[in-house]
Amino acid sequence: MREEEKMPDVYLTPVGTAESCYTEKRSRFLGFAHHVSGEEEAKEIIKGYRNKYHDARHVCFAYVLGPDAALLRAGDDGEPAGTAGRPIQGVIRSRGLTDCLVVVVRYFGGVKLGTPGLIAAYREATVQALDGITVEERYVTVPLCFDVPYTEADLALRRVREAGAEICQHDYSGSGMTITLAVKRSAVGALREGLSKIHTLKLHTE
């Protein structure tokens, strides 16, 4: 089994957006949670909030990206290091979310909160924003493509169904079919092995 096939098939991601408003000692913390598909999208959303709330003292953020939550970024935007971005990121990660961005806008209320107070406030604004968003499970899939003669197509498609793979595309020729699949990561090895036993079937190389 390949190393990637040992990794989880399922990840959690938010759908759409949600907002929160949390007040602590007259400081207002506006939280915004988003599903994002990539880093450039996340950066554009953050830029949009900085433009929209240009009069705010701080616009802080964190995002986690990728099926394996491998890309993490956070920003304190002038708050003491570690008091804003990291607490936001901590809440995202504690919920097991990825492809998720949370921005928290702070309007200073004139009373300093101190390091523990800031951490708690940014965390709470994030919690409230994420409480309002829908979360769904998604599967990590791997593409797989093969050519098979019509005489063996039924057997190949039975193997595909047994593996729970999704057929993305059929292409037909005079002698057979080219089938493109999306296969759950953990099932790729077993499906490739099963298909390889159909000697007239040709698997495409990655």
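Count residues from 1 along the sequence. Since this is a predicted model, take the numbers as computed values, not measurements.
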Novice: Please examine the side chains of R123 and V91, heavy atoms only from C-beta on, and report whether any two atoms are closer than 4.5 Å.
Specialist: yes

Novice: Quick check: closest heavy atoms across C100 and L130, and the distance to 0.1 Å?
Specialist: SG-CD2, 4.0 Å

Novice: With side chains defined as the heavy atoms from C-beta onward, is the minimum distance between R138 and V10 less than 4.5 Å?
Specialist: no

Novice: With the side chain counted from C-beta on, respond yes when L195 and L144 share a heavy-atom pair under 4.5 Å apart, and no when they do not.
Specialist: yes

Novice: So, using salt bridge (Lys or Arg N to Asp or Glu O under 4.0 Å) as the criterion, who are the partners of R73 when residues are at least two apart?
Specialist: E39

Novice: Heavy-atom distance under 4.5 Å between the side chains of L155 and V148, does that happen here?
Specialist: no

Novice: Do L12 and R95 come within less than 4.5 Å of each other through their side chains, counting heavy atoms only?
Specialist: no

Novice: What are the two closest heavy atoms between T178 and C145, and how far apart are they?
Specialist: CG2-SG, 3.7 Å

Novice: According to ring-ring contact (aromatic ring centres under 6.0 Å, His included), does anything in residues 102-154 pair up with another residue at least two apart or in another chain? List the pairs.
Specialist: F29-Y122

Novice: Testing the basics here: between L203 and R192, what is the closest heavy-atom pair and its distance to 0.1 Å?
Specialist: CD1-O, 3.8 Å

Novice: Does a side-chain heavy-atom distance below 4.5 Å link Q89 with V102?
Specialist: no

Novice: Looking at residues at least two apart in the chain, or sitting in another chain, which of them share a ring-ring contact (aromatic ring centres under 6.0 Å, His included) with Y49?
Specialist: F32, H34

Novice: List for me each residue that meets salt bridge (Lys or Arg N to Asp or Glu O under 4.0 Å) alongside E24, sequence neighbours excluded, and say none if there are none.
Specialist: none

Novice: Please list, chain by chain and in numerical order, all residues satisfying salt bridge (Lys or Arg N to Asp or Glu O under 4.0 Å) with R93, sequence neighbours excluded.
Specialist: none

Novice: Scan residues 57-80 for pairs that pass ring-ring contact (aromatic ring centres under 6.0 Å, His included), counting only residues two or more places apart or in two chains.
Specialist: F61-Y63

